[in-house]
Structures are given as structure tokens and as C-alpha cells.
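All values reported here derive from a predicted model rather than from experimental measurement. By convention in this document, chain letters (A, B, ...) are assigned in the order of the sequence lines, proteins followed by strands, and residues within each chain are numbered from 1.
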Amino acid sequence: MELDLFVRYGPALLSGFGVTILCWIVGSLGGLVLGFALACLYRFGPRPLRWLIQAYVEVIRGTPFMIQLFILYFGGPHFGLLLTPVQAGIASFIIYGSPYFAEIFRSGFNAIPKGQIEAARCVGLSEGRILFRIILPQMLVPTTAPLTNFFIILTKETAILSVVTVPELLYETQTMASETFTFVEPFLVLSLFYWLMVIGTSWLGDKVERRVTRHLRRA
Amino acid sequence: MNFSFDVIWHNLPYMLAAARWTLLISVGGMAISLVWGVFLCAARISRGPFLSRIAALYISFFRGVPLLVQLLIFYYMLPHVGLDLPAVAAAILAVGMCSAAYTAEILRGALQTIPRGQTEAALALGIPTLSLWRRILVPQAIRIGLPSLTNELILLVKVSSLASVVGIGELTRISQNITGETYRPLEIYVAAAAIYFLINVILSALGRLAENRLLVG
Amino acid sequence: DMLSDIKAKGKIVAATEMHYAPFDILKDGEYQGICHDLFVEVAKELGVEAEFLDLPWQSILPGLEAGKFDFVNAPVTITAERMSRYNFTLPIGNATVALAKKAGDDSIAKPEDIAGKAVGSQKGSAQLEQLKAFSASLATPADVREYVNIDEALADLAAGRIQAVANSAPLMGYAAVQRPGLFEMVMPPFGEPKYFGWVAPGGEDAKTLIAAINDALIKMHEDGRLQAINEKWLGSNPDLPTTMPDVK
Amino acid sequence: MGDITTEQPIIEIRNLSKHFDDFEALRDITLDVHRSEVLCLIGPSGSGKSTLLRCINFLEAYDGGEVRLEGELIGWKSAGAPPRKPLSGEALRRQRQHIGMVFQQFNLWPHLTALENVAEALIHVKGLPKAEAMTKARAALAKVNLSDKEANFPANLSGGQQQRVAIARAIAMEPSVMLFDEPTSALDPELVGEVLGVMKQMAAEGMTMVVVTHEMGFAAHVADRVAFLEGGRLVTCAPPADIFGREPDDPRVNAFLKTYRERNVV
Amino acid sequence: MGDITTEQPIIEIRNLSKHFDDFEALRDITLDVHRSEVLCLIGPSGSGKSTLLRCINFLEAYDGGEVRLEGELIGWKSAGAPPRKPLSGEALRRQRQHIGMVFQQFNLWPHLTALENVAEALIHVKGLPKAEAMTKARAALAKVNLSDKEANFPANLSGGQQQRVAIARAIAMEPSVMLFDEPTSALDPELVGEVLGVMKQMAAEGMTMVVVTHEMGFAAHVADRVAFLEGGRLVTCAPPADIFGREPDDPRVNAFLKTYRERNVV
Ligand SMILES: Nc1ncnc2c1ncn2[C@@H]1O[C@H](COP(=O)(O)OP(=O)(O)OP(=O)(O)O)[C@@H](O)[C@H]1O
Ligand SMILES: Nc1ncnc2c1ncn2[C@@H]1O[C@H](COP(=O)(O)OP(=O)(O)OP(=O)(O)O)[C@@H](O)[C@H]1O
Ligand SMILES: [Mg+2]
Ligand SMILES: [Mg+2]
């Protein structure tokens, strides 16, 4: 292994890592919020809206991210939508993630016993308050793990942004790989950085889960 | 931009043939993911500190390392230690074992919503652990986790495209090849997306069907 | 050594990325192109059967080292750095850099016209280095953008984000032929002359194999087979050297 | 609604019916509950008592007849034959604020402590400041003898303690009508006595109560009237003296009470 | 275990104690239950009755003392001072097969129908063939008067019906000891009579029962002995006549029963 490689490409790799983290955090949090909104609309909205949301979920979830990004970035200009790589990357990230998040939250809704919501309605709590105070905290019990899963999956989907020249981590490691004709080192670097993100995400997921399952722990 | 359906039409047979690999790897991977995922989940929440730590480590590794690297390890590194798997087997195994880590976590999350009393009732009756899991816990965990499990299986279908790194001409790979020759990426990728969509929509429909069946009681 | 192993097996397994026209093409489910045709002839000369694998670039070199196949018959630009790690054959194609522009774009008539314009090229390619050197020599340098694959660079050219794409002359020419209404080649190629070669694993084991393949290539030079194959795919003869070119 | 005092019953139930698929859970129930009255519902298991309570605050959308609270139709936009349109969520919420309920299965919120369970609606429905709500919630828990367990999550409470939290949660809201579904099923006799005391006091303060119970002694002591349900029908509704008198008119009611009488002569 | 008839009590509880964090739920309980005996546990809400039952089949790992079934220590590998090692799952399972339990909260499996809830253990513990298990399960449901609801899921059953499914599930297994946690809390008086009948019959057939109950009438009629718990301690354990006699010795027990007596004189 050639250590001087890391010295030479260190700054570029770090900046790539920064871009990856930016796209990942903004994109996945955006997707999380959009997904939650979709799940709520699906649950409480009128029937036609539900069909619409389901169609959206099926289409976006059913097609590869690369192709969505491709259509947005390369197809967009033909319809007058000229986005920069990072803009396109983040926008497509939000869109791509939202149906997965929506489905995870939908499963969370199913896990709340009906009686608890009835009790909340009986004392006159508003639907919004019921959602955020009664449903959401308990919904997180079964969904924190899948949410963590998906955040982790999204860390790796950031790699696809390289095809539209977002200077993210994979893009920079490929520069290193192709300029130096090495392959083990770039993969190692890549894995290390992803692993850092994954460890961070798991740690946070664990914290959240501990918090939301507090009431289930027994003395 | 002139969108050419001819190009799609001409290349569709090759893409469909490639999709068969995608399907094979996906279905094989799913089987491993679901079965192995249940065991992993059981190990993860078991009281034995050893088992649960091993499972946690497994999950951390398979979620942490990019699947691409896992595949390269399975196919290119294992021969160095004398384990030479055929490409398809390596792909199915890698995809399934990786996905199992996610499946296990989904199930673990879902299991936490099953009131403890239900397990206690089973214990009090003397129901063996295996039956407890098979008849009481897993069905309910799957019921609650189904949308997330469907998510995971759909992701698995998509991620099967990485099998190209071990030389399998699955759908994404073949689409790229065709693009390289026709210089019509938009057409070919849209067609590929449509095929993925078809597979995934069927999967999703099955998921919803199962959900409606299980959402009783 | 490798050569005798291959002869004993009676076949040579070669990997390439079937995604670099006109050298490697997967058309209608069949592997074709210059590298295909040349290598089939080379295998004949070796007296073995050729078997081809399609692999994405990132797993070709790991695969070669893991012994999953014997040889890389993809066009790899010959550079000094790469020669220190692997064994290269004699040149099998011209890798000199050339430009493609959008069809009908009058603002670019010759390579120098890219001054100040956005030009895409493939990340890590030798052609990118050439383009950068060329751009630096212009009064206003070009805005050089790096793409992971050349496909995306061409797609961005079509989308209008960039005004030209630089890659090896054969590839640019082939793109213009395939999408005549969309792309057009800018003549002439520029920069230093560069060549593509094939790659065998590094080390002594592969030296005899390389020698045998080089012999076959020279023989094909002499009997005109090599020229005929190039004529078939390029419509012209690239005039390849029969000795290892000097690389810095 | 407000405080208009009239002779009109506070709850009017007219020809109420409810089906679950093919199963007829309630059939043609007509019943009035008057202001400040305590009405006990008794009847065999599965006779529709819980369902009737749940129809009163529209947790079950009844499919025939009417339920009115102070003259206002509950749940549906208009009286008359089905199909009817249900009220909007907001309108329903307004109606339900006047009706408290204690569930047979308690339905506590497991992620909130006993105190939080009680305080939640005080803060977010009544709009009390947090400190005041806590004081009020503590008072309600004290009424049911549970001050020492206010920080426990429901899973860490005994059955009777959970039931008392549910009672405290409902009474803290001071609704004008309370629906109790077997509010003492998990309580020991001593506590039953205390809860009874609380309920008597609430009745004296003018609260109207509908109480499902299997404790005949409870019904006999607390009720102004007792309604007997069976197989989804209202068999009789009369003052307790008539029902629990040695030989009530209705043979069915008599049979129902027989084993109870035998057993409770200690 | 088997059928050895000895004078040894079937359940021996010695100096049992159990803590939840700082809270002492059971303290130094010593109590024997004899073969074919019906022991009723009474006491205020939160006094530790459920916890005591749950310690008997080791659903709560008790932290001090011993519980023995036919002389065999339950749950722990060895008697003596903590820390002790719990038995393996398989050994525990074997012990628990002899002890049936009806839970205070029923704990039915929501994804199985009433019939499936009852048949499950017959198939997977007793190893009966499916058809036979179903027949047996149907018989158990019939005993608690629930034949018409066998296909319902728990969510579609009334409270009392759920409780009866829970009873049927436990008795179908014919264990040698049954632990009932308020088995009639959701039942109407008539059904209480019937369930009582079933229990009396089981007792006559030699089953040992420990019954937590708040129904003093029930305890007075069924129990061979009545144990009174308070604040985690065993206050007294005596035949019902001594406990329910007009003035029991213990003032605490007397106070506990006072309101009950007053109310049930109808
Ligand atoms: N969701 C449902 N689907 C089908 N049947 C139901 C449903 N809910 C209740 N039932 C049936 O309706 C009948 C009345 O139920 P309800 O809960 O009102 O009885 P109850 O009088 O409260 O009985 P208990 O005293 O046992 O609580 C029962 O026979 C029950 O099986
Ligand atoms: N997991 C727990 N954590 C903390 N405290 C607990 C826990 N479980 C029970 N307790 C406390 O232990 C005491 C005894 O509980 P237990 O359930 O045994 O009471 P009980 O006698 O069955 O009462 P009830 O008649 O109300 O059912 C109660 O005060 C309860 O709050
Ligand atoms: Mg009821
Ligand atoms: Mg209890």
C-alpha cells in the first residue's frame, strides 16, 4: 500500500467526503420530511389523493435512483430545467428517498393499537396533537430500525451522484484510482468513509431507539 | 431531443434476457435475506451476550461496508483463501447476506411492538421457542414490518445490478453496454427503468396483498 | 508460466468492458469491435480458443489479480505509470485525443476554438491529461469538466451543459457516425500521439505470453489482417507502430 | 351546549342499531338519560353494553337510529335513513369534549407516565398552563389513591392501578357526561368503595353518568336507574329497587341475578 | 414430576421476595399450597398478588427465597443466596408445562382466532394431531359458553368473551396447577357462576388452583383457604370462614372487607 497516495489525494478525498455528507444529510432529511407528509396524507387524505400517493410511491420506489437522476439531470434541460449537479443530486435524493420513508411510516401507523387513539379522541385531543404526541412517539418504536437502515442505504446511494459529476466521495476516489492505477487503496478509503457515516448513523439510531422504547423496559 | 422508440424496441429482447439474471439474483437473494434475517434477528435479541454480540457485529459489518466491496471480497478475495464460488452463487450469497442484516433490523424493530404479555402467555403454556417464533412472533413482526420489508426487497432488486462486477450481464450492465454502442442513454435507461418498475410493482403488490391478509385482529 | 498454462487449457479467457466503441461493443447481444476481431485472430495464432468476459472497469484489475481470467483485451492507454504495474502488449489502437461537438455548432471549427468553453472528458483518462495540457496552452483555458463515464459527458453535450467532449479519436469518430444529427467530430486530433495496448498481469510469469501475442500482432501487421480490421470499423488505417512506443 | 336547564334528557337514544358484518350487536335501542342521573347498564357478556357506550360518543358509527346529546345529533351530519355522512373531525371533537369515557381495556398511552396520561388533555384540550395542569392531574390521581405511582409508566402498574389512572384521566376533564365501562373490574372491594365515593360526589355535583358494570352491588347502590341489555336488545330499564327486588317481573333478569344472589350471601 | 401422592405440598413458597428497582413488590412470603386445594389470594390493588402468581411460574425472576413445585426449585438452578443462575429455557419450559395461567390482561394472541388461540398449545406443546386439538379446543370453548365465537379474532370479541378465551386456553392444557389472575373480572354474574362451576369441577378432579380475585363472594364459595396480601406481605392465610366471618381477627382484613359487606347487602 502506498501511503503517500493518501497524502497526495487527502484534501480532495476530504472535500469529496464533505460533499457526500452535505448531499446525504440535506437529501435524506428532506426525504424523511416529505415521506412523513406523504404517509400522513395517505392515512388521513381523501381517496383520490391516496391513489395518487400510492402511484407516486410505486413509480419512484420501483425505478433505480440512477435513472431518476439521469432523467432529471440530462432530460431536464430539454424541458428548460437546467440544474447544477449538486442541485440535481439533492433534489433527486429527496424525491428518491421519500416513498421509502413514506412506507416505513405507514407501517408505523399500523402498529398503534386503535384503542389509544380512541382514548385520545375521547378526551378531545386534536388530530394534530394525537399525531405528534400519541402516534409519532410510539410509531418510532418499530420504525427507528428501518429508518436507520434506510439512512445507511442512502449513504451509499450518494455514490451514484458521481455520474453527474457531483464531486462527492466516489468521484474523488475514482480520480485517485484512475490517475494512480490502484484499486485496493481507493476501495479501502471509500469503505472507511462510508463506514464512518454508517457507524454514526447506527449510533444515533440506537440513541433514538433507547429513548422511544423507554416505557417498554422493565425493572 | 428525438426520443427513439426504435432503439428500445430493437434492444428490448437483450434487455429482457438480462433481466432474467436480475430476477434470479433477486429472488435468490430474497430467500436468503428473509430466512437468514429471522435468525440474525433472533440472535441479536437473544439473552446470550455472545450470540447477540456476534449478530450485532455482523449487522454492523454488512450494513457498513459497501455491497460492491462485499461482492469483490466474495468473488475476488475468497479465491485467495481457497474458496472459489461461481459468479452467480457469489452474487446471490453476497446480496442475500447483506440484505439479511437490514431485514433483521426491520424485524427487531417490529418485534418491539408486540406486547410482552403475548410472549409470557406462550411461555406459561410451555410453547417451545421455535414455535413461539414461528407462530406468534414472526407472523406479527412481519405484519408490522411488511412495508419496510417490501422496501428492502425492492432495494435488493435494484442492488442486484452490482452483480455486474463479477461479470454477470444483468439488466443495468447490459443497458450500459447498449448505451455505449447506440449513444442513446435516455431511451435505454428509460426502458431499463420500466423493466425494474415492472418487477418492483409486482413485488409491491404482493407485499400489499400479504399486508391485507395479515392485517386482521 | 502463463503461456504454457493457457496452451495446456486450450483457451484464453480475456476480460474487457464491452462499452467502448468501436473497440468493444455489445451489439444485439453479441460482442464485437476492433479488440474482439483482433483478439480472435491473436488467439488463432496462439492456437487456443478465446473466451470473453464483460466486466465493469472497477473489477477488471482486481479480477486480473485474483486470477479470474488471464488477460485484459480492453484498450488501455499506454502510460509509464501503468507500465510499472502491468505488462502491456504492442499498440492495438490510436489513443490520441480528439474533440466532438454538437452537430451544427459553428463556433468550434478547430481544436483551438474550445478556448473559454466548457469541455468534458473522462476522469483519469490519458486523454484528459492531454486535454488539460492543450487547454493550458490556449490564451483563455477551457473549462474542463471530468466525468466518470464518457457516456455522461456525451449526454451533457446533448443537454447543452458543455460545448465539446474530448476522448480518443476513434471513439469520438464513432460517436459522430452513430448519432450524425447530434454529434460531429472536430478535426484534427491534437496533442501528443498516444496508443492503446492490452494488459497481462505484472511480473515475469506473463512475459512469454506478452511476447507470443506481440509476435502475433506483428504477423497480422505484415499480412494485412490488422489493417483490414481497422478499415472495417474506422474506415481508415491508424498506422500503428510495431515497436513499443516511448512513454514518459 | 351550555347550561340551559330544561326537562329535556341530556342523552336521547332512539331506535339505535349497530351491526358488525352480519352480527347484530345492538338492535332498536331506545333510552333516555337525564341530567345528573346515574344509569347503570347490566347484562350478560357480549350483550352489547360496551358497544352501546361506544355508540354514544361515536367511537362506533352506529348504522341505524339516533343518539342525541342535548338535542344535538351525535356523529352524523343529519338524522334519517342511511347512507348518512359523518361529521367532520373537528365537529366530532367538539361533541366529544362533553363526554368523558373510561374504557374496559383502559387504553392508557403506554409511553406517557401516569401523571402525563392525566395531564395531557388538561394542557392541550382545556388549555391549562402546564403547572396548573400538573396540580390538577395530581389531585385527580390522589382522588383514586394513586399519588405514589404518578411517575410509573402503565406497563409498570398493577391492573387496578392502570384502571385508576384511566378513571383519573377521564374525571380530570370534568365532562358533562361520563361513560364508564366496568370502571371497577380490576379494583379490590375497598377501592371500589372509594371510587364509588368519587362517583357519588360527581353525581351530586351534577354530572351525568352511564356505567356498565357487572357488580350488582355497585349498581344497586349507585344507580338512579338500571338498564338490562341482552343479545343487543334493551330488556328493561327501571329503578334498582325494581330490578334487584327479590322477584323482578322479568324472568330473564331474574335468572341473570340468581347465581349472583346465591353467591353473595356470605 | 408424575403422580406420586405424598403429604408434601404441591407448591412451597419460602421467604419469597421481589423488587422492581427500589420498589419492594413482595417481601418474605412463605406459603404452601396443597394438592387439589383452591387457594384464593385477596388484597388491595397493588399489593403484589399478580406478582406473586407470576413468580410461581417464573415469569418474574424472584430475587430472594424459593418457590418449589413438587419439591423442585422453580426457575433458578440452585437455591441459596443471589446471584443465582436461571434454568435453561428448555428446563423452564418443562416446569411451566405443569402450571397453567390465566392472565389479568388475558394476553390473547391477536392474530389468531379464538379457536386457534386455544388449539395452539395443544398442537405445539401436547403434540396432538391438528384435528384432535381442534376438537379439544372446541370442547374447552364450549365449557366457557363461547362456541359461537370460535372464529372471531380477539379484537372482535367483547371483554368478557376475551377473558373466557383466556380461561379456555389455559384449562384445555389440563395442567396440574392453575394460576388464575382475576379470572372473572370481566364476566357478568351469571357467567361467573358458570366459570365457578367449571373451576369447582376441576378442583374435584384434583387440580390445584391459586386464584387472585376481588370477588369476595367468589373467594368465600370456592376457596379452601384465603390468603390476604398487603403491601407485598402476607398478612394472613386461613379458611374462608375465618376470613369472612363477621369479625376476623385482623383489623386490616376487617377494614378491607367492610365496604364490600355494606355494599353487597342488597
Ligand atoms: N369489531 C367487532 N366485530 C365483530 N363482532 C364484534 C365486534 N365488536 C364486538 N363484537 C361482538 O358484539 C357483541 C357485543 O360486544 P360488546 O363488547 O358490546 O359486549 P359487552 O356487552 O360489552 O360484553 P362484556 O361484558 O363481555 O364486555 C359481542 O358478541 C362481540 O362478539
Ligand atoms: N415492572 C414493574 N416495575 C415497577 N413496579 C411494578 C412493576 N410491576 C408491578 N409493579 C408494582 O408492584 C406492585 C404490585 O403489583 P401487582 O401487579 O402484583 O399488584 P396486584 O396485587 O396484582 O394489584 P391489582 O389488584 O391492582 O392487579 C404495584 O404497586 C405495582 O405498581
Ligand atoms: Mg364490554
Ligand atoms: Mg394484578
Side-chain angles (χ1 to χ4, degrees), chain A residues 54 57-59 61-68 70-71 74-75 77-78 99-108 110-113 138-150 152-153 155-156 159 170 183 187-188 190-191 194-199 201-202 205 209 212-213 216 218, chain B residues 1 3 59-61 63-69 72 101-116 141 143-152 154-155 157-159 161 171-172 175 185-186 189-190 192-194 196-205 207-208 211 215:
Chain A
Q54 194 174 341
V57 166
E58 298 298 350
V59 170
R61 188 171 68 156
T63 50
F65 177 48
M66 224 260 264
I67 286 156
Q68 292 164 19
F70 213 82
I71 289 173
F74 294 118
H78 299 287
Y100 290 93
F101 285 120
E103 285 293 287
I104 294 174
F105 283 121
R106 191 169 67 79
S107 82
N110 292 341
I112 315 285
Q138 292 190 74
M139 191 152 123
L140 289 176
V141 172
T143 57
T144 302
L147 287 175
T148 310
N149 268 355
F150 195 64
I152 287 175
I153 286 166
T155 61
K156 290 165 209 157
L170 181 69
F183 60 92
F187 278 139
L188 272 179
L190 204 64
S191 301
Y194 283 136
W195 190 71
L196 279 179
M197 287 197 280
V198 171
I199 289 293
T201 313
S202 317
E209 194 170 292
V212 297
T213 56
L216 297 174
R218 296 266 310 216
Chain B
M1 181 110 173
F3 195 91
I59 289 167
S60 162
F61 175 81
R63 289 201 308 185
V65 177
L67 180 58
L68 175 68
V69 177
L72 293 176
Y102 295 94
T103 300
E105 283 294 285
I106 292 171
L107 291 176
R108 190 178 62 78
L111 278 175
Q112 298 189 71
T113 65
I114 301 176
R116 183 191 312 267
R143 172 178 91 171
I144 291 175
L146 246 178
S148 303
L149 286 174
T150 311
N151 270 356
E152 177 53 32
I154 284 176
L155 284 166
V157 172
K158 293 187 191 171
V159 101
S161 68
L171 183 52
T172 300
S175 307
L186 207 57
Y189 286 159
V190 165
Y196 276 114
F197 177 68
L198 206 72
I199 298 175
N200 288 336
V201 142
I202 292 171
L203 206 56
S204 173
R208 278 185 186 257
E211 208 178 311
L215 265 184

Visitor: Which heavy atom in A:Pro64 sits nearest to a heavy atom in B:Ala193, and how many Å separate them?
Guide: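 For A:Pro64 versus B:Ala193, the nearest heavy atoms are CD-CA, 4.1 Å.
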Visitor: Starting at CG of B:Leu198, measure out to OG1 of A:Thr63 and round the result to the nearest 0.5 Å.
Guide: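 Going from the CG atom of B:Leu198 to the OG1 atom of A:Thr63 covers 12.5 Å.
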Visitor: Which bit of A:Val59 comes within less than 4.5 Å of chain B, counting heavy atoms only: side chain, backbone, both or neither?
Guide: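 A:Val59 touches chain B through backbone and side-chain heavy atoms alike.
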Visitor: Output the distance between atom OG1 (A:Thr144) and atom CZ (B:Arg108), rounded to the nearest 0.5 Å.
Guide: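 It is 9.0 Å, given to the nearest 0.5 Å.
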Visitor: What part of A:Glu209 gets within 4.5 angstrom of chain B, counting heavy atoms only: side chain, backbone, both, or neither?
Guide: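 For A:Glu209, the contact with chain B is made by the side chain alone.
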Visitor: Hey, what do you get for OG1 (A:Thr143) to CD1 (B:Ile106), rounding to the nearest 0.5 Å?
Guide: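 Separation between the atoms: 11.5 Å.
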Visitor: Counting heavy-atom pairs under 4.5 Å with chain B, which one of A:Ser191, A:Ala159, A:Pro113 comes out on top?
Guide: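 Ranked by heavy-atom pairs under 4.5 Å with chain B, first place is A:Ser191.
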Visitor: Name the option with the most non-hydrogen atom pairs under 4.5 Å to chain B; the candidates are A:Ser202, A:Ala102, A:Pro142.
Guide: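 Most pairs with chain B among the choices: A:Pro142.
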Visitor: What part of A:Phe150 lies closer than 4.5 angstrom to a heavy atom of chain B: side chain, backbone, both or neither?
Guide: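 The answer is the side chain of A:Phe150.
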Visitor: Partners of B:Ser148 by side chain to side chain donor-acceptor pair (under 3.5 Å), sequence neighbours excluded?
Guide: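 Once residues adjacent in sequence are excluded, B:Ser148 has no partner under the side chain to side chain donor-acceptor pair (under 3.5 Å) criterion.
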Visitor: Got a donor-acceptor contact below 3.5 angstrom from the B:Arg116 side chain to the A:Leu216 backbone?
Guide: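 Between the backbone of A:Leu216 and the side chain of B:Arg116 there is a qualifying donor-acceptor contact (under 3.5 Å).
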Visitor: With a 4.5 angstrom heavy-atom cut-off, could you sort out which part of A:Ile199 is near chain B: side chain, backbone, both or neither?
Guide: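 Just its side chain gets close to chain B.
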Visitor: Could you measure the distance from the CD1 atom of A:Ile152 to the CD atom of B:Glu105? Nearest 0.5 Å is fine.
Guide: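 Rounded to the nearest 0.5 Å, the CD1-CD separation comes out at 8.0 Å.
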Visitor: Between CD1 of A:Ile153 and CZ of B:Arg63, what distance do you get to the nearest 0.5 Å?
Guide: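 Those atoms lie 9.0 Å apart.
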Visitor: Any side-chain heavy atom of A:Tyr194 within less than 4.5 Å of one from B:Val65?
Guide: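 No, side chains not in contact.
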Visitor: Which heavy atom of A:Tyr100 sits nearest to which heavy atom of B:Ile154, and what is that distance?
Guide: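 The answer is OH-CG2, 3.8 Å.
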Visitor: Between B:Ile59 and chain A, which part of the residue has a heavy atom less than 4.5 Å away: side chain, backbone, both or neither?
Guide: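 For B:Ile59, there is no contact with chain A at all, as no heavy atom is under 4.5 Å.
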Visitor: If we only count heavy atoms from C-beta on, is the B:Ser60 to A:Trp195 side-chain gap below 4.5 Å?
Guide: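 A side-chain contact exists here, since the closest heavy-atom pair is under 4.5 Å.
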Visitor: Please state whether the side chain, the backbone, both or neither of A:Met66 comes within less than 4.5 Å of a heavy atom of chain B.
Guide: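 Side chain only.
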Visitor: Which atom names give the shortest non-hydrogen contact between A:Ala111 and B:Ile144, and what distance separates them?
Guide: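 Smallest heavy-atom distance, with atoms named: CB-CG2, 3.9 Å.
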Visitor: Measure distances from B:Thr150 to the heavy atoms of chain A and classify the residue's part below 4.5 Å as side chain, backbone, both or neither.
Guide: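 Interface part for B:Thr150: both.
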Visitor: Calculate, to the nearest 0.5 Å, the distance between atoms CD1 and CG belonging to A:Ile67 and B:Leu186 respectively.
Guide: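 One finds 10.0 Å between CD1 of A:Ile67 and CG of B:Leu186.
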Visitor: I want to check something: taking the side chain as every heavy atom from C-beta on, are B:Pro185 and A:Phe74 in contact at a cut-off of under 4.5 Å?
Guide: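 No, too far: nothing below the 4.5 Å cut-off.
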Visitor: Picking from B:Arg208, B:Gln112, B:Glu152, which has the most non-hydrogen pairs under 4.5 angstrom with chain A?
Guide: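 Winner by heavy-atom pair count: B:Arg208.
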Visitor: For each of B:Ala194, B:Ala205, B:Gly109, B:Ala101, tally heavy-atom pairs with chain A at distances under 4.5 Å, and name the one with the top tally.
Guide: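 Ranked by contacts with chain A, first place is B:Gly109.
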Visitor: Apply the side-chain hydrogen bond (donor to acceptor under 3.5 Å, both in side chains) test between B:Ser204 and each candidate in A:Glu103, A:Gln54, A:Glu58; give the one that qualifies.
Guide: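 For B:Ser204, the side-chain hydrogen bond (donor to acceptor under 3.5 Å, both in side chains) check succeeds only for A:Glu58.
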Visitor: I'd like to check B:Asn151 versus A:Pro99 (side-chain heavy atoms, cut-off strictly below 4.5 Å). Are they in contact?
Guide: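 The answer is no; the side chains never approach within 4.5 Å.
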